[in-house]
Amino acid sequence: MLKTVAIVQSNYIPWKGYFDLIAAVDEFILFDDMQYTRRDWRNRNLIKTPQGVQWLTVPVRVKGRYHQKIRDTELEGGDWAAAHWKTLEQNYRRAPHFAEIAEWLAPIYLEESFSHLSVLNRRLIEAVCRYLGITTRISNSWDYRLGEGKTERLVDLCVQAGADEYISGPAAKGYLEEQLFTDRGIRLTWFDYGGYPSYPQLWNDFSHGVSVFDLLFNCGRSAPRFMRYVG
C-alpha cells in the first residue's frame, strides 16, 4: 500500500483544515525543528466572541532567543492556561456541545502543566484527534535525521518515513522544488483547503478561520459533517 505523509509545524489549537490534513495522510510529522516565528500560528489562534474574532495567545520566552527552534520554545508563566479556559468558557458556554467538550478539554487547561510550546501543542492536537476519531500516526521531526536545505530536508524526512506521496499545504508552492521529490520517487500533492460548508456558529457573521474548538463546541460529534477527510 502507498504511504502518504504531511510535514507541518505545530500550531496552538489549529483550525479545522489542519485536522483535515492530519486525517488525509498516513503519517503526520510535526516539524518543530524549524525556527520559532513570532506573531504566527505557533502560539496563538482565533476564537469567536460577541465583539468579533479574538486572539488567544500563549505567552512564550522569546527575549534574546531570536533563532530558537519551536521545540525549544518555553512557555512564560503559568496563569495563561486558566485565563484561556475562562475566555473559552465565557464565549462558548451557550454553544450546544460545550459541556461535552469541556469534560475532556477543561482538565488539560486546569489540571495539567507544560513547560514547552511543542508539548502543549501536541497534547491538544492529539486530544482533538481522539475526539474526532482521527487515527493517523503523529510523529516528531526529531524522530528522524534532519538534512540541510528547505526542500531537501522535507524530501529526506519523506524517504526515512517510507513515503510514496508528500501532501503539502498550498502556501509552499512558492518555494518547494518538486523535482527533488520526483528524483526520489515521491509524488508531491497540494492539499486543497477550499469548499468547506458553514456550520451553526455563535456570534455574528460566519468565520471559517477560527480554532477547531469553535466547530467542536457548536457541533460536537457532528463536526466531521463539516470537514472533508474526517469520519
Side-chain angles (χ1 to χ4, degrees), residues 1-45 58 60-62 64-75 115-126 128-129 134-194 209 212 228-229:
M1 292 184 62
L2 299 180
K3 180 176 181 179
T4 55
V5 168
I7 304 170
V8 181
Q9 299 164 25
S10 74
N11 290 356
Y12 176 60
I13 57 174
W15 80 302
K16 61 194 173 191
Y18 191 100
F19 291 93
D20 253 338
L21 179 56
I22 297 177
V25 298
D26 298 306
E27 182 174 351
F28 188 83
I29 301 176
L30 292 168
F31 198 21
D32 283 3
D33 279 293
M34 291 290 287
Q35 182 177 333
Y36 173 79
T37 48
R38 302 187 189 196
R39 293 179 292 279
D40 212 335
W41 301 102
R42 308 291 83 77
N43 71 317
R44 65 178 187 169
N45 224 299
V58 178
V60 296
R61 296 179 179 175
V62 294
R65 306 181 185 194
Y66 304 109
H67 304 292
Q68 68 178 338
K69 298 177 181 179
I70 301 167
R71 64 179 291 192
D72 297 326
T73 301
E74 299 177 39
L75 304 188
S115 60
H116 286 76
L117 181 62
S118 282
V119 178
L120 167 68
N121 286 350
R122 177 162 180 161
R123 175 71 177 93
L124 289 165
I125 288 168
E126 290 182 332
V128 172
C129 283
I134 298 173
T135 58
T136 298
R137 180 191 176 201
I138 298 177
S139 56
N140 293 310
S141 53
W142 56 88
D143 295 335
Y144 300 97
R145 300 183 310 276
L146 291 178
E148 298 296 329
K150 186 171 287 189
T151 301
E152 291 87 347
R153 182 176 286 187
L154 296 176
V155 172
D156 193 37
L157 282 171
C158 285
V159 170
Q160 293 179 66
D164 301 286
E165 181 178 3
Y166 175 60
I167 301 182
S168 172
K173 286 185 177 180
Y175 66 83
L176 282 189
E177 301 174 61
E178 186 167 358
Q179 189 60 45
L180 295 180
F181 288 93
T182 302
D183 291 346
R184 301 299 293 272
I186 300 168
R187 179 185 178 189
L188 174 60
T189 302
W190 302 106
F191 196 72
D192 181 9
Y193 288 115
V212 71
R228 296 174 58 197
Y229 294 92

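Note that the structure is predicted; figures quoted are calculated from it, not measured.
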Hey, what do you get for CD (Q35) to CG (D40), rounding to the nearest 0.5 Å?
11.0 Å
Between the side chain of R42 and the main-chain N/O of N121, is any donor-acceptor distance below 3.5 Å?
no
CH2 on W15 to CG on D20, rounded to 0.5 Å
8.0 Å
Counting only heavy atoms not in R187, do more than 12 fall under 6.0 Å of its CZ?
no
Please round to the nearest 0.5 Å and tell me the distance separating atom CG of L21 and atom NZ of K16.
15.0 Å
Evaluate side-chain hydrogen bond (donor to acceptor under 3.5 Å, both in side chains) for N43 paired with Y36, printing each intermediate quantity in order.
CA-CA 10 Å; N43 71 317; Y36 173 79; 3.2 Å; yes
Residues G17 and Y193: closest non-hydrogen pair is O-CE2, 3.4 Å
Rounded distance [0.5 Å steps], CG in L30 versus CD in E126
8.0 Å
For the residue pair Y229 and F191, categorise the inter-ring angle as parallel (less than 30°), tilted (30 to 60°) or perpendicular (more than 60°).
tilted
Audit row: Y144, D156, side-chain contact (heavy atoms from CB on, under 4.5 Å) steps and yes/no:
CA-CA 9 Å; Y144 300 97; D156 193 37; over 6 Å; no
Count the heavy atoms belonging to other residues, nucleotides or ligands that lie under 6.0 Å from NZ of K150, then report whether that count exceeds 12.
no
Answer yes or no: does atom CZ of R184 have more than 12 heavy-atom neighbours from other residues, nucleotides or ligands under 6.0 Å?
no
How close do S168 and L188 get, heavy atom to heavy atom, and via which atoms?
CB-CD1, 4.2 Å
In terms of heavy-atom contacts, F31 and L146 come closest through CE1-CD2, 4.3 Å
Just verifying a value: how many Å separate W190 CH2 and I167 CD1, rounded to the nearest 0.5 Å?
12.0 Å
So does W142 get a backbone contact from the side chain of N140, meaning a donor-acceptor N/O pair under 3.5 Å?
no
Minimal heavy-atom distance between F19 and V212, with the atoms involved, is CE1-CG1, 3.5 Å
Does E148 CD have over 12 foreign heavy atoms under 6.0 Å away?
no
Does the R228 side chain pair with the main chain of D192, one donor and one acceptor, at a distance under 3.5 Å?
yes
Hey, does the side chain of Q68 reach the backbone of R61 with a donor-acceptor pair shorter than 3.5 angstrom?
yes
S10 side chain to R122 backbone, donor-acceptor under 3.5 Å
no
Option among D32, D143, D33 that satisfies the salt bridge (Lys or Arg N to Asp or Glu O under 4.0 Å) test with R71:
D33
Would a distance-only check, ignoring hydrogens and angles, find a side-chain to backbone donor-acceptor pair under 3.5 Å from K3 to A161?
yes
Has R145 got a side-chain atom pairing as donor or acceptor with Q160's backbone, closer than 3.5 angstrom?
no
Spacing of OG1 belonging to T151 relative to CG belonging to L180, to within rounding of 0.5 Å
5.5 Å
Under 3.5 Å, side chain of R153 to main-chain N/O of G147, donor-acceptor pair present?
yes
Using a 4.5 Å cut-off on heavy atoms from C-beta on, say whether the side chain of V128 contacts that of P14.
no
So, for I13 and N45, which heavy atoms are closest and what is the spacing to 0.1 Å?
O-ND2, 3.2 Å
Closest contact, heavy atoms only, Y166 versus I186
N-CG2, 3.8 Å
E165 backbone acceptor or donor facing T4 side chain under 3.5 Å:
no
I want to check something: taking the side chain as every heavy atom from C-beta on, are L157 and V5 in contact at a cut-off of under 4.5 Å?
no
